[in-house]
Amino acid sequence: MNCDLCNAINQEFRLIHKTNLTFSVICKQPLKKGHCLVLPIRHSTNLIDLTAEESKEIFVHLNKLKELLKSRYNTDPMIFMNTGVHSTQDQLHFHIIPAK
């Protein structure tokens, strides 16, 4: 598939963590230092399209990355999802950004 976000899994310099169903990368155009993305490995355009296993793994992955960023930046990070008309990419993804 020709999806920039799906293909980010192959950019090892950006890859933070990978599981069987999800992965996280450093954002190419970060809003601030520490800005990361969490995505399902399988291309999906909407949260409802994920399997129960994928949904669970996304939130486990988000929580682990949240704790990592919290310890690194001493603040709870903001987490938001881009999908549908609010997204510039046709791939479900979550942004996680240090709040300070």
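Everything quoted here is computed from the prediction, not taken from an experiment.
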Using ring-ring contact (aromatic ring centres under 6.0 Å, His included) as the criterion, list what pairs up with Phe80, not counting sequence neighbours. His95
ring-ring contact (aromatic ring centres under 6.0 Å, His included): which pairs involve residues 50-71, sequence neighbours left out? His17-His61, Phe59-Phe94
Cys36 side chain reached by Leu65 side chain, heavy atoms, under 4.5 Å: yes
Is it the case that one hydrophobic cluster holds both Tyr73 and Ile97, taking links as side-chain heavy atoms less than 4.5 Å apart, direct or via other members? no
Going by chain and number, the hydrophobic cluster around Leu21 (ILVMFWY, side chain to side chain under 4.5 Å) further includes none
Just wondering, more than 12 heavy atoms not from Asn10 lying within 6.0 Å of its CG? yes
Any pair with a residue in residues 57-82 that passes salt bridge (charged side-chain N to carboxylate O under 4.0 Å, His left out), sequence neighbours left out, goes on the list, sorted by first then second residue, please. Lys70-Asp76
Quick check: closest heavy atoms across Ile26 and Ile16, and the distance to 0.1 Å? N-CD1, 3.8 Å
same_hphob_cluster(Leu15, Leu37) at 4.5 Å side-chain heavy-atom cutoff: yes
Tell me whether the count of non-hydrogen atoms from other residues, nucleotides or ligands lying under 6.0 Å of NZ in Lys28 goes above 12. no
Tell me whether Thr45 contacts the main-chain N or O of His43 through its side chain, where contact means a donor paired with an acceptor under 3.5 Å. no
Using 0.5 Å steps for rounding, measure from the OG1 atom of Thr22 to the CD1 atom of Ile58. 5.5 Å
Do Pro40 and Leu50 come within less than 4.5 Å of each other through their side chains, counting heavy atoms only? yes
Does the His93 side chain pair with the main chain of Gln91, one donor and one acceptor, at a distance under 3.5 Å? yes
Listed once per pair and sorted, the salt bridge (charged side-chain N to carboxylate O under 4.0 Å, His left out) pairs that draw on residues 13-26, sequence neighbours left out: none
The criterion is side chain to side chain donor-acceptor pair (under 3.5 Å); which residues satisfy it with Thr51, sequence neighbours excluded? Glu54
Running the 4.5 Å side-chain criterion over Ile, Leu, Val, Met, Phe, Trp and Tyr, what cluster does Val60 land in, apart from itself? none
Nearest-0.5 Å distance that lies between atom CZ in Phe23 and atom CD1 in Ile41: 7.0 Å
Please find the pair of heavy atoms, one from Ile96 and one from Leu62, that lie closest to each other, and give the distance. CD1-O, 3.9 Å
Would you call Val25 and Ile9 a side-chain contact if the rule is heavy atoms closer than 4.5 Å? no
Minimal non-hydrogen separation, Asn7 against Asn2, with atom names: ND2-OD1, 4.1 Å
